[in-house]
Amino acid sequence: MTVPTTRKDLMIVNMGPHHPSMHGVLRLIVTLDGEDVIDCEPILGYLHRGMEKIAENRTIIQYLPYVTRWDYLATMFTEAITVNGPEQLGNIQVPKRASYIRVIMLELSRIASHLLWLGPFMADIGAQTPFFYIFRERELIYDLFEAATGMRMMHNYFRIGGVAADLPHGWIDKCLDFCDYFFNGVTEYQKLITRNPIFLERVEGVGIIGGEEAINWGLSGPMLRASEFNGIFVKLIIMNVMTSLIGKYNGKKKEIH
């Protein structure tokens with residue numbers, strides 16, 4: 001009987017772009033040492049659908065439904081960047097109420113998007129329960145979106161200079177009810193996940209991003225705050241705020257004299 005010899009060299013695996021967890025977004029060339037990932041080279045560009053070419057012969061109203069499909073988990077953000085460009089170029093002023101509505105929609109979209117990160121991530125490391133919990137909150141957010149825009153996804157709600165329509169009667173009360181409910185939901189997630197020993201064992205010390213890497217890669221938000229750059233980042237913010245305040249104060253002193 002011939003006994004197969006154990007191979008000790010590294011294995012290179014092509015992951016994507018046609019892969020159940022990728023669905024055409026990107027390709028990863030992964031170098032493995034057993035089950036340990038030694039190197040990972042991402043290859044982007046597989047999601048390009050010729051959107052710029054399509055925009056050449058469309059009006060902004062005709063083009064907005066296309067951009068909502070760039071990121072179908074956070075469609076409000078793709079709409080926002082599409083209308084913000086012409087607004088800044090044309091110095092178009094957005095009414096205060098429309099700005100408030102935009103911010104509310106973007107924050108709800110951000111929560112829904114982050115929830116759909118949290119659930120599958122927990123499932124990937126062996127916890128199935130949060131995966132079902134996150135859809136409970138997402139459905140409530142989609143109810144709010146549907147009431148305001150007529151669509152649960154692909155909202156086509158933002159417009160140059162504002163939004164497509166004002167909020168319907170009673171929408172703000174429903175949104176506040178969701179905020180109260182979701183605040184308790186966050187507490188539930190923290191109890192279920194944050195100090196869970198299995199969760200900690202599988203994520204602590206894995207994929208650490210240093211401060212220098214965070215800056216070089218252009219990371220922002222939670223990714224930047226979680227890196228070792230966090231302390232320096234906070235100090236820079238305080239310094240910028242203080243400099244701005246001192247500048248305004250000195251300007252007022254000059255006006256008085």
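Residue numbers count from 1 along this sequence.
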* Structure fact -> To the nearest 0.5 Å, atom CD1 of Ile38 lies from atom CD1 of Ile12 at 12.0 Å
* Asked: How about Ile29 and Asp39: do any of their side-chain heavy atoms sit closer than 4.5 Å?
  -> no
* Hey, could you give me each pair passing ring-ring contact (aromatic ring centres under 6.0 Å, His included) that has a residue in residues 173-192? Not counting sequence neighbours. => Phe178-Phe182
* Asked: How would you list, by chain and number, every residue that makes a side-chain hydrogen bond (donor to acceptor under 3.5 Å, both in side chains) with Lys191, sequence neighbours excluded?
  -> none
* Asked: So, do Thr149 and Met76 sit near enough that their side-chain heavy atoms are less than 4.5 Å apart?
  -> yes
* salt bridge (Lys or Arg N to Asp or Glu O under 4.0 Å) pairs, two or more places apart, involving residues 57-67 -> none
* Could you list the residues that satisfy side-chain hydrogen bond (donor to acceptor under 3.5 Å, both in side chains) with Glu213, not counting sequence neighbours? => none
* Gap between atom CD of Glu56 and atom OH of Tyr63 - 0.5 Å precision -> 10.0 Å
* Measuring from Asn84:CG to Arg102:CZ, what's the distance to the nearest 0.5 Å? -> 6.0 Å
Using a 3.5 Å cut-off and no angle test, enumerate the donor-acceptor pairs between side-chain atoms of residues 106-113 and protein atoms at least two apart in sequence or in another chain.
from: Glu107; atom 1: OE1; to: Arg110; atom 2: NE; distance (Å): 3.1
from: Glu107; atom 1: OE1; to: Arg110; atom 2: NH2; distance (Å): 2.4

* Asked: What are the two closest heavy atoms between Cys40 and Val30, and how far apart are they?
  -> SG-CG2, 4.3 Å
Which atom pairs, one a donor and one an acceptor, fall under 3.5 Å between side chains of residues 150-162 and the rest of the protein, sequence neighbours left out?
from: Arg152; atom 1: NH1; to: Asp143; atom 2: OD1; distance (Å): 2.9
from: Arg152; atom 1: NH1; to: Glu146; atom 2: OE1; distance (Å): 2.8
from: Arg152; atom 1: NH2; to: Glu139; atom 2: O; distance (Å): 3.4
from: Arg152; atom 1: NH2; to: Glu139; atom 2: OE1; distance (Å): 2.7
from: Arg152; atom 1: NH2; to: Asp143; atom 2: OD1; distance (Å): 3.2
from: His155; atom 1: ND1; to: Met151; atom 2: O; distance (Å): 3.2
from: His155; atom 1: NE2; to: Thr75; atom 2: OG1; distance (Å): 3.3
from: Asn156; atom 1: OD1; to: Arg159; atom 2: NH1; distance (Å): 3.3
from: Tyr157; atom 1: OH; to: Ala165; atom 2: O; distance (Å): 2.6
from: Arg159; atom 1: NH1; to: Asn156; atom 2: O; distance (Å): 3.1

* Would you please name every residue forming a side-chain hydrogen bond (donor to acceptor under 3.5 Å, both in side chains) with Tyr133, sequence neighbours left out? => none
* Residues two or more places apart in sequence or in another chain: which of them pass side-chain hydrogen bond (donor to acceptor under 3.5 Å, both in side chains) with Asn91? -> Gln93
Would you list the atom pairs, donor with acceptor, under 3.5 Å between side chains in residues 119-130 and any protein atom, with sequence neighbours excluded?
none

* Going only through I, L, V, M, F, W and Y residues with side-chain contacts under 4.5 Å, is there a path from Ile198 to Ile193? -> no
* Phe131: what forms a ring pair (Phe, Tyr, Trp, His ring centres under 6.0 Å) with it, not counting sequence neighbours? -> Phe135
* Structure fact -> One should read off an interatomic distance between Leu32 CG and Met15 CE, to the nearest 0.5 angstrom, of 10.0 Å
* When clusters are formed by joining ILVMFWY residues with side-chain heavy atoms under 4.5 Å apart, either directly or through shared neighbours, do Ile60 and Ile92 land in the same one? -> yes
* To do: Scan for side chain to side chain donor-acceptor pair (under 3.5 Å) pairs involving residues 160-172, sequence neighbours excluded, and state none if there are none.
  => Arg97-Asp166
* Asked: Linking I/L/V/M/F/W/Y whenever any side-chain heavy atoms sit under 4.5 Å apart, do Leu176 and Tyr142 land together?
  -> yes
* Sort and list the pairs that fulfil salt bridge (Lys or Arg N to Asp or Glu O under 4.0 Å) and have at least one residue in residues 167-183, not counting sequence neighbours. => none
* Polar side-chain atom of Arg136 near backbone of Phe132 as donor-acceptor pair, under 3.5 Å -> no
* Asked: Quick one: do Tyr100 and Leu144 end up in the same hydrophobic cluster if we chain Ile, Leu, Val, Met, Phe, Trp and Tyr together by side-chain heavy atoms under 4.5 Å apart?
  -> no
* **Side chains of Val67 and Ile81 in contact at under 4.5 Å (non-hydrogen atoms)** => no
* Any chain of hydrophobic side-chain contacts (each under 4.5 Å) joining Ile101 to Val103? -> no
* To do: Considering non-hydrogen atoms only, spot the tightest contact between Arg138 and Leu73 and give its length.
  => NH2-CD2, 4.4 Å
* **Residue pair Ala148 / Pro168: nearest heavy atoms and the distance that separates them** => CA-CD, 4.0 Å
